[in-house]
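Taking it in order: structure first as structure tokens, then the write-up.
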2 protein chains.
Amino acid sequence: MREERRGELLATAAEVFAARGYNATTVRQIADAAGILAGSLYYHFDSKESMVDEILSAFLDELGAGYDAVLAAGLGPRETVEALVTESFREIDRHRAAVAIYQKEARHLAARHPRFGYLTDARRRFARAWLGTLERGVAGGAFRADLDIRLTYRFVRDTVWVAASWYRPGAQHSPEEIARQYLSVVLDGIALRD
Amino acid sequence: MREERRGELLATAAEVFAARGYNATTVRQIADAAGILAGSLYYHFDSKESMVDEILSAFLDELGAGYDAVLAAGLGPRETVEALVTESFREIDRHRAAVAIYQKEARHLAARHPRFGYLTDARRRFARAWLGTLERGVAGGAFRADLDIRLTYRFVRDTVWVAASWYRPGAQHSPEEIARQYLSVVLDGIALRD
DNA sequence: TAACCTACCAAACACTTGTTAGGGAAGGAG
DNA sequence: CTCCTTCCCTAACAAGTGTTTGGTAGGTTA
């Protein structure tokens, strides 16, 4: 099965990219990890660039669908935040390597080649989802009104995605448990209430 | 003055490293940004590696001194957290490029060459400072007792340092203002209290 | 003036990079 | 058996990499 082999190679490529960085990774390292020679990769893929492209767009498609499902559920602002965070940590659990690559390389890739313009589009799309939810929460009295919405969004976004750099699937905390702890901090703070 | 020129070159190298990533940056790009030729850099520095080394160790030395000063002040846990966060954002303001490089490359560099072992040491040292403060706060009743300390530490750490990737000095928010907003979220949460 | 130091250039070096071309082994389909 | 597809290998390519070597213009010191 042709597609199956491609998928395997993409998975190992993603691991190497995530571990060493896209530019620092050579096609020979990917081939080594897959147990084949460098040139053989070009039977399956056009270029090294095509590999990251497939890895990232597959991840972003799935994340986009997840976010859309959450937004379409018609929840209140607080519940929407909870659902978005939980969905995000689930995506990290399933696409850890892709998230790490996106986190580190998205900016460079999007800036260099127009081919990766969809990375910027996705970022803007997710920003709208988050900012809209936060604004709705402030307007409706669910969230504090004295917060800088954009700063808060950046804090929330960064903390969620950076988790991909230390998260190891199947170790100690489940995605749902991490989401619960994280939401506890963001929603209620670490200070003890009187 | 010999040292002065070195400092200039290190500053431009840091900017290029931060913008394009260490591995993706060529010595010719650094030389271009400095207005000289690639080979001329080797009059001032042994290697490309030495440049990141100097950039990162200079930053970490200063950050370490700042953290030590905070810890030596004998503040309570909550005030220590506030001081650590404020100090961190001030360091981002002063060493934006170095922080970005540290954030992206520290793991790879430390894993590859023993020369960069001090990066791991610094990470452990900062972790102890944060974890100790959080534990002290929980024990003393300043912070909630139902939090996973290690998870909380990771959230706090990541959010602070990732700010280096979007922070631009002199634009809109001062380091102190960002620290204030951030502390407001972390300490008290974004949810409105009844 | 002569010797010297600083900061750079010009040109090349050995090596690594992504990529290509041609070929061949294995296995299923006719 | 023959044909065809899948998957990989061998071997090379041109371009780009970090680095070295020898030289030189200009200022400072003796």
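Since the structure is predicted, the reported quantities are computational estimates derived from the model, not experimental observations. Convention: sequence-line order gives letters A, B, ...; per-chain numbering from 1.
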Give each protein N/O atom lying under 3.5 Å from an N/O atom of nucleotides 22-24 of chain D, with the pair distance.
none

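- Residue A:Leu71 is found outside any hydrophobic cluster, as its side-chain heavy atoms come under 4.5 Å of no other Ile, Leu, Val, Met, Phe, Trp or Tyr.
- The pair B:Glu82-B:Arg78 counts as a salt bridge, with a side-chain nitrogen and a carboxylate oxygen less than 4.0 angstrom apart.
- Applying the salt bridge (Lys or Arg N to Asp or Glu O under 4.0 Å) test to A:Arg123 and every residue at least two apart in sequence or in another chain returns nothing.
- The local environment of CZ in B:Arg136 is crowded, with over 12 non-hydrogen atoms from other residues, nucleotides or ligands closer than 6.0 Å.
- Ring planes of A:Phe59 and A:Trp161: perpendicular class, angle over 60° (limits at 30 and 60°).
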Quick one: side chains of residues 7-15 of chain B, donor-acceptor pairs under 3.5 Å with protein atoms, not counting sequence neighbours, listed by atom name and distance.
{"unit_1": "B:Glu8", "atom_1": "OE1", "unit_2": "B:Arg5", "atom_2": "NH1", "d": "2.9"}
{"unit_1": "B:Thr12", "atom_1": "OG1", "unit_2": "B:Leu9", "atom_2": "O", "d": "3.0"}
{"unit_1": "B:Glu15", "atom_1": "OE1", "unit_2": "B:Arg96", "atom_2": "NH2", "d": "3.1"}

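- Contacts between residues 108-116 of chain B and DNA chain C, counted as heavy-atom distances below 4.0 Å, involve no residue at all.
- Between the CD atom of A:Glu8 and the C1' atom of D:dC8 there is a distance of 14 Å, given to the nearest Å.
- The number of heavy atoms from other shown groups lying within 6.0 Å of CZ (A:Arg112) is above 12.
- Looking at residues two or more places apart in sequence or on another chain, you find a side-chain contact (heavy atoms from CB on, under 4.5 Å) between A:Val138 and A:Phe143, A:Ala145, A:Ile149.
- Figure legend: B:Arg154 and A:Trp166 shown as a cation-pi pair, the cationic atom lying under 6.0 angstrom from the six-membered ring centre and within 45 degrees of its axis.
- Scanning for salt bridge (Lys or Arg N to Asp or Glu O under 4.0 Å) contacts around A:Asp32 gives an empty result, with sequence neighbours left out.
- Here B:Ser165 pairs with A:Arg107, B:Val162 under the side-chain contact (heavy atoms from CB on, under 4.5 Å) rule; sequence neighbours left out.
- Heavy-atom distances under 4.0 Å link DNA chain D to A:Tyr43, A:His44 of residues 42-50 of chain A, given in residue order.
- Contacts between residues 19-40 of chain A and DNA chain D, defined by a heavy-atom separation below 4.0 Å, involve A:Ile36, A:Leu37, A:Ser40, listed by number.
- Every side-chain contact (heavy atoms from CB on, under 4.5 Å) that B:Asp93 has, sequence neighbours left out, goes to B:Tyr167, B:Pro169, B:Pro175.
- For C:dC8, the OP1/OP2 oxygens have a side-chain nitrogen or oxygen of B:Arg5 closer than 4.0 Å.
- Residues passing the side-chain contact (heavy atoms from CB on, under 4.5 Å) test with A:His173, sequence neighbours excluded: A:Glu177, A:Ile178, B:Asp148, B:Leu151.
- Rounded to whole angstrom, the span from the CG atom of B:Leu41 across to the P atom of D:dT20 amounts to 13 Å.
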